[in-house]
There are 2 protein chains.
Amino acid sequence: MKSSDKHEKIIRAAVKVFAKKGFFSARISDIAKAAKVADGTIYLYFNNKFDILISVFDEEIGKFIAQTKKLVDQEETPQKKIEIFALKHLSMAKENKSLAEIIQMELRQSHKLIKEYRKTIFSEYVDIISNIIRQGQEKGIFREDVKPGIAKRAFFGALDEMTRLWVLSPKPPYDIEDTAKQISNMFLIGINSK
Amino acid sequence: MKSSDKHEKIIRAAVKVFAKKGFFSARISDIAKAAKVADGTIYLYFNNKFDILISVFDEEIGKFIAQTKKLVDQEETPQKKIEIFALKHLSMAKENKSLAEIIQMELRQSHKLIKEYRKTIFSEYVDIISNIIRQGQEKGIFREDVKPGIAKRAFFGALDEMTRLWVLSPKPPYDIEDTAKQISNMFLIGINSK
DNA sequence: GGCCGCTAAATGAATAATCATTCATCTGGT
DNA sequence: ACCAGATGAATGATTATTCATTTAGCGGCC
């Protein structure tokens with residue numbers, strides 16, 4: 001078996017196990033069992049338990065951010081960009097519930113390492129929003145007195161909170177597209193210049 | 001020494017220790033030392049480590065929610081209620097940073113017990129918002145097509161995300177009152193009926 | 001007032017359980 | 001026959017929890 005296969009298998013298993021039990025309560029042997037691999041094998045691919053978590057973030061979240069950027073770039077108007085961002089964010093939570101759960105739960109830990117990591121990755125993501133807002137302001141579409149640094153967090157926070165609701169509930173209580181529309185609308189009206 | 005003193009002392013110590021090290025990394029002996037009490041004493045007042053965390057939530061967050069409700073009730077218009085809610089939320093994060101940190105980090109754990117607890121306590125809190133929105137809709141101040149269930153989360157999420165920023169940074173990068181104004185404005189415009 | 005005896009509260013060393021990590025051994029492919 | 005990769009039992013460290021022992025406060029008694 002090619003080594004990359006095992007790496008992948010372990011990451012996938014870890015996503016499930018972390019989502020189910022949380023990072024601290026998850027045992028290496030749980031992940032090993034889920035990946036159908038011996039406990040020790042995990043240490044051939046990862047330095048330690050933490051390293052697994054960080055790898056999950058890096059690889060899975062990295063992919064997601066790249067996809068989002070691409071989608072946003074394809075849209076013409078700032079309004080459309082905001083809408084597609086909201087839709088992509090919420091769809092991801094629905095389609096990849098385990099990962100969403102991990103981001104919701106584990107990326108919030110107060111552990112120093114995670115704290116640092118989170119700052120970087122969150123910034124990269126929410127800065128997509130502030131860039132859109134600045135573009136919109138330059139075009140005179142969004143109000144000048146809106147501070148992109150605050151607005152980006154308000155918008156992200158709103159989406160993130162909806163995600164939390166889904167992660168906690170067995171079934172999405174609202175329709176994804178409706179919700180994305182509703183939230184981006186509210187936000188767009190809130191920062192509109194006319 | 002009255003027994004209630006010790007209970008209080010342990011809770012206070014736990015808030016600090018949990019905020020600093022996180023629940024899982026915090027040792028009972030850390031809390032005992034911070035409370036100037038023997039390790040075993042803690043078990044005279046709490047059943048186990050988890051019980052300490054839950055007590056922190058119950059007692060401290062309970063107080064906070066009660067205060068918020070009272071403040072909101074004192075305001076006349078739905079707009080003012082929204083504004084005061086935002087201000088109270090952000091002020092609390094500034095004045096009681098350790099507790100805010102614990103709410104941000106530990107109340108998001110994926111542990112079953114915490115998950116359940118969180119549902120209840122968050123609902124109680126965000127329902128303050130949806131009630132305001134419904135009142136506003138009845139008076140014709142807020143748009144009818146806004147769903148209170150979504151809007152309440154969008155608004156709470158926005159505030160929560162600003163809190164996260166402060167918890168992560170050594171100093172609040174924005175002025176509390178400005179931020180509260182900016183966010184409630186954006187939200188109020190976004191749901192306004194005219 | 002000082003002295004007992006009693007009980008609740010407090011102590012912290014010892015226990016016991018849990019797991020991350022290691023490493024001596026094995027295996028399948030070439 | 002070789003060896004990179006895989007194995008999983010054993011190790012060792014960590015800590016939540018327990019409990020035998022100590023301490024402190026208090027009421028009654030001389």
Side-chain angles (χ1 to χ4, degrees), chain A residues 1-58 102 105-107 109-114 117, chain B residues 1-59 102 105-107 109-115 117:
Chain A
M1 177 175 286
K2 280 219 312 291
S3 89
S4 61
D5 286 343
K6 290 247 157 116
H7 180 95
E8 190 66 23
K9 262 173 74 176
I10 294 169
I11 289 274
R12 267 201 251 277
V15 167
K16 280 187 199 139
V17 176
F18 286 155
K20 179 149 183 233
K21 313 184 75 169
F23 176 75
F24 284 102
S25 303
R27 272 163 293 160
I28 290 290
S29 58
D30 293 332
I31 299 173
K33 198 192 283 179
K36 290 189 183 130
V37 138
D39 293 17
T41 304
I42 290 182
Y43 288 87
L44 298 175
Y45 296 90
F46 300 91
N47 297 324
N48 50 47
K49 198 180 166 187
F50 245 110
D51 192 33
I52 306 176
L53 184 62
I54 296 293
S55 298
V56 166
F57 290 151
D58 266 346
I102 295 179
M105 316 280 159
E106 309 304 333
L107 200 49
Q109 292 293 350
S110 46
H111 193 286
K112 260 230 145 59
L113 211 71
I114 298 190
Y117 188 80
Chain B
M1 178 176 283
K2 279 217 316 289
S3 88
S4 61
D5 286 344
K6 290 251 156 109
H7 180 95
E8 191 67 21
K9 261 173 76 175
I10 294 169
I11 288 274
R12 265 200 252 277
V15 168
K16 282 188 195 137
V17 175
F18 286 155
K20 180 149 182 232
K21 312 186 76 170
F23 177 75
F24 285 102
S25 302
R27 275 163 294 163
I28 290 290
S29 57
D30 292 333
I31 299 173
K33 199 193 281 179
K36 292 193 181 124
V37 139
D39 293 17
T41 305
I42 290 180
Y43 288 87
L44 298 176
Y45 295 91
F46 301 92
N47 297 325
N48 51 45
K49 200 180 166 186
F50 246 111
D51 192 32
I52 306 176
L53 185 60
I54 296 292
S55 298
V56 166
F57 291 151
D58 265 346
E59 294 170 32
I102 295 179
M105 316 280 160
E106 310 305 334
L107 196 52
Q109 292 294 349
S110 45
H111 192 287
K112 261 229 145 59
L113 210 70
I114 297 191
K115 250 180 165 169
Y117 188 79

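Letters A, B, ... mirror the listed sequences (proteins, then strands); counts begin at 1.
At whole-Å resolution of the value, CD1 in I31(A) and P in dA20(C) are 8 Å apart. Rounding to whole angstrom units, CG of residue N47(B) and P of dA16(D) are separated by 16 Å. In this structure, I42(B) atom CD1 and dT15(D) atom P are separated by 15 Å, rounded to whole Å. One atom, CZ of F24(B), and another, C1' of dA16(D), lie 13 Å apart when rounded to the nearest Å. Whole-Å rounding puts the K36(A) NZ to dA6(D) C1' distance at 17 Å. Between D39(A) atom CG and dA6(D) atom P there is a gap of 14 Å when expressed in whole angstrom units. With rounding to whole Å, D30(B) atom CG is found 13 Å from dT14(D) atom P. Atoms CZ (R27(B)) and P (dA13(D)) sit 16 Å apart, rounded to a whole Å.
Side-chain proximity of T41(B) to the nucleotides dG5(D), dT11(C), dA9(C) is greatest for dT11(C). Among dA6(D), dA16(D), dT7(D), the nucleotide with an atom closest to any side-chain atom of A38(A) is dT7(D). With distances taken from any side-chain atom of I28(B) to the nucleotides dT15(D), dG12(C), dT17(D), the minimum falls on dT17(D). Distance from the side chain of L44(A) is smallest to dA6(D) among dT21(C), dA10(C), dA6(D). The side chain of K6(B) lies closest to dA10(C) when the candidates are dT17(D), dT21(C), dA10(C). Of all nucleotides listed (dT17(D), dT11(C), dA20(C)), dT17(D) comes nearest to the side chain of N48(B).
Within 6.0 Å of the NZ atom in K115(B), the count of heavy atoms belonging to other residues, nucleotides or ligands exceeds 12. Within 6.0 Å of the NZ atom in K16(B), the count of heavy atoms belonging to other residues, nucleotides or ligands does not exceed 12.
Nearer the 5' end of DNA chain C, as judged by each residue's closest nucleotide, is the contact made by V37(B), out of Y43(A) and V37(B).
Screening I31(B), I28(B), I52(B) for a side chain to side chain contact (heavy atoms under 4.5 Å, CB included) with V17(B), the sole residue that qualifies is I31(B).
Ring geometry for F18(A) against F23(A) counts as tilted: the plane angle lies between 30° and 60°, on a 0 to 90° scale.
Looking at every heavy atom in both residues, F57(B) comes nearest to I102(B) through CE2-CG2, 3.7 Å.
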